[in-house]
Protein chains: 2
Amino acid sequence: MVATIKDVAKKAGVSISTVSRVVNDSKPVSPEVKKKVMETIEELGYKPNEIARTLVTKKSYLIGVIVTDLGDSYIAEIVRGIEEIGKMYDYDILLCSTFGDKDAEIRYMQLLNTKQVEGIILISNNINEEIETYTKSFKRPFVYLNRYYYDDRYATVMVDNCEAAYEMTSYLINLGHRDIAYVSNNKEDSSLEKPKLEGYSKAMRENELKESVYYTEGISMENGYEAARNIVESKSATAIFCGYDEAAIGVLGYLYDNGIKVPEEISVTGFGDILIASIYRPTLTTIKVPYYDIGAVSIRRIIKELKGEKSEENKMILPFQIQKRQSSSKPK
Amino acid sequence: MVATIKDVAKKAGVSISTVSRVVNDSKPVSPEVKKKVMETIEELGYKPNEIARTLVTKKSYLIGVIVTDLGDSYIAEIVRGIEEIGKMYDYDILLCSTFGDKDAEIRYMQLLNTKQVEGIILISNNINEEIETYTKSFKRPFVYLNRYYYDDRYATVMVDNCEAAYEMTSYLINLGHRDIAYVSNNKEDSSLEKPKLEGYSKAMRENELKESVYYTEGISMENGYEAARNIVESKSATAIFCGYDEAAIGVLGYLYDNGIKVPEEISVTGFGDILIASIYRPTLTTIKVPYYDIGAVSIRRIIKELKGEKSEENKMILPFQIQKRQSSSKPK
DNA sequence: TTGAAAGCGTTACCAC
DNA sequence: GTGGTAACGCTTTCAA
């Protein structure tokens, strides 16, 4: 049987209150008694039961993190940020994956609450109206991260998508490209795709260039692959800018499979800077979204809120960067 | 304030025992009372506090998972397996990342124990003698996963590395290759590298071919990149078999950067089948290690043990597969 | 079928 | 400084 505070108290010949005091250093204890208690603790290998502690203090030091899929490298990166910063404040991560299932999101929100997490970070791909019901009833700090949809009801952390798309398009234009295709994700009303399109349009308009947008079903590599086929078959571009790295990798795959040289014949750029972007050959020029920082800032916000400091702004904007790599160059 | 069992009891005009009974369906309750209680629960939005429950039942339904780094796709895959199967048995994952820090492994083992996890799965890269002390004192189910070292003191799940390396080498030989270089990880005494080397040697010997092993500092892409340079400069191989996919991707990178065609001029194969293996171009021929299943089997073992069914074998061997892809072909 | 009460391992308040 | 004890929210005997 594992030792409890009682065992320590008995063996040390003091009250459990005293043991509790030395363990938590919460109130003065005479040096001799303290020494004795600490020795006994050592001897018995006593470790406070965090569950019992949580029950009385209401502090579980647990943050619930609900993700779509850890297999997505950008999500692993966010979780990394959450965890590392969380640990700095003694918080641990209770992890749940939804694999895109809306019901699971709700189910896990509830589950995590019964497990007494102090806050929840939800990484989602959907719009899920039911969420609000639960965030409201729980009254715990909540951060909502979503690559597709923006919802001003929840606290979130992101980059300025419009600005980023604008800069990337401008970069390609400055390289000398005139025919720049934009591969857009078609999720109806994806509220975060709009600003990207705007940024692209703005740069093109400013330079009096003709816009050419290709819509895809989703953002997968397969979608990118298909988009590339369409673009190449209509011979309509010297540069392809994709709204998501995943699609961009698909584009590169199509070009590779069809013997089209990148960047000599066509330049390709992405959005995100997920792990493979820098590993794939040619390496992908893209917009580096600071996923690690997004996770870090998210949990920091929750911890701040837990300390009673209300953050005023719901939306936190982080800086991005244009990562220039092998996949882009001047047009031939 | 969130409703407790007391609130429900009072409002429903019954004892808390009765409420507990209907919540857990643990003892017969008269239909009318049951109905009344359930209505009250609904009305108050009552959800049992799992922390309080754990305190009395000793069941936290929490499994501690300590990983090196979620950013490694194979680890994300293992965790996926752990989580999905865990959820089937109502278990949740408490996640900790060590980033290779040995002390962190110990620290988290202790931490997770104070949090009352029912079992621990440790994914490590090191040999850490201290671990035994803790697994022993905790007496909780424990599974140890390590890509480099095998330690028969702990329960573990793996593939037959020797057999896998043998088959991959044989595959290359059957394609017609005679000069096959093996890129080995040099971690001194890495006890899992030995069987791989054996498998390679065995296949080469059986065909009276000259072995040529290149040792690297680690298994990173950079290591693979360097190894490829050495191999190419000494013109010593038509096929390169790497003990880890990461290194193989590095090899492909070097060949790409130096205009050497894969597989036309050199075939490349790996070990693991991590995510990029199938995304990178050319796609990588490799040994598919069932990481998801490794996670799944690990947690299933823990849950079995929790139910009192002791597994007799410490070492569980899972089947692998040779994944043939673009990076290998007959020699020219 | 139901309720009272002990107990899980702590913390925190109140006396002394 | 120290000890006794209520309380946290729940499950589980034990009686009725």
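Here is the naming used below: chain letters follow the sequence lines, and residue numbers restart at 1 for every chain.
Inspection of the R147(A) and N125(A) side chains reveals no N or O donor paired with an N or O acceptor under 3.5 Å. Side-chain contact of E105(A) with T98(A): a donor-acceptor pair under 3.5 Å is absent, judged by distance alone.
Below 30°, between 30° and 60°, or above 60°: for Y154(A) and F142(A) the angle between ring planes is above 60°, a perpendicular geometry.
Protein chain A touches strand DNA chain C; the 5'-most and 3'-most nucleotides with an atom under 4.0 angstrom of its non-hydrogen atoms are dC8(C) to dC13(C).
Within the 4.0 Å cut-off from OP1 or OP2 of dC8(D), not a single side-chain nitrogen or oxygen of T57(A) is found. Taking side-chain N and O atoms only, T18(A) has a distance below 4.0 Å to OP1 or OP2 of dG3(D).
For the pair K315(B) and Y150(B), the cation-pi criterion (under 6.0 Å, within 45° of the ring axis) is fulfilled. Taking the ring centre of Y108(A) as origin, the terminal cationic atom of K87(B) falls inside the region bounded by 6.0 Å and 45° from the ring axis.
The NZ-P distance, from K47(B) to dC10(D), rounds to 12 Å in whole Å. When the C1' atom of dC8(D) is taken as reference, atom CD1 of I16(B) falls 12 Å away, rounded to whole Å. Between the CD1 atom of I51(A) and the C1' atom of dC10(D) there is a distance of 13 Å, rounded to whole Å.
One cannot find a donor-acceptor pair under 3.5 Å joining the base of dG4(D) and the side-chain atoms of S15(A).
Nucleic acid contact class of S20(B) (heavy atoms, under 4.0 Å, all strands): base.
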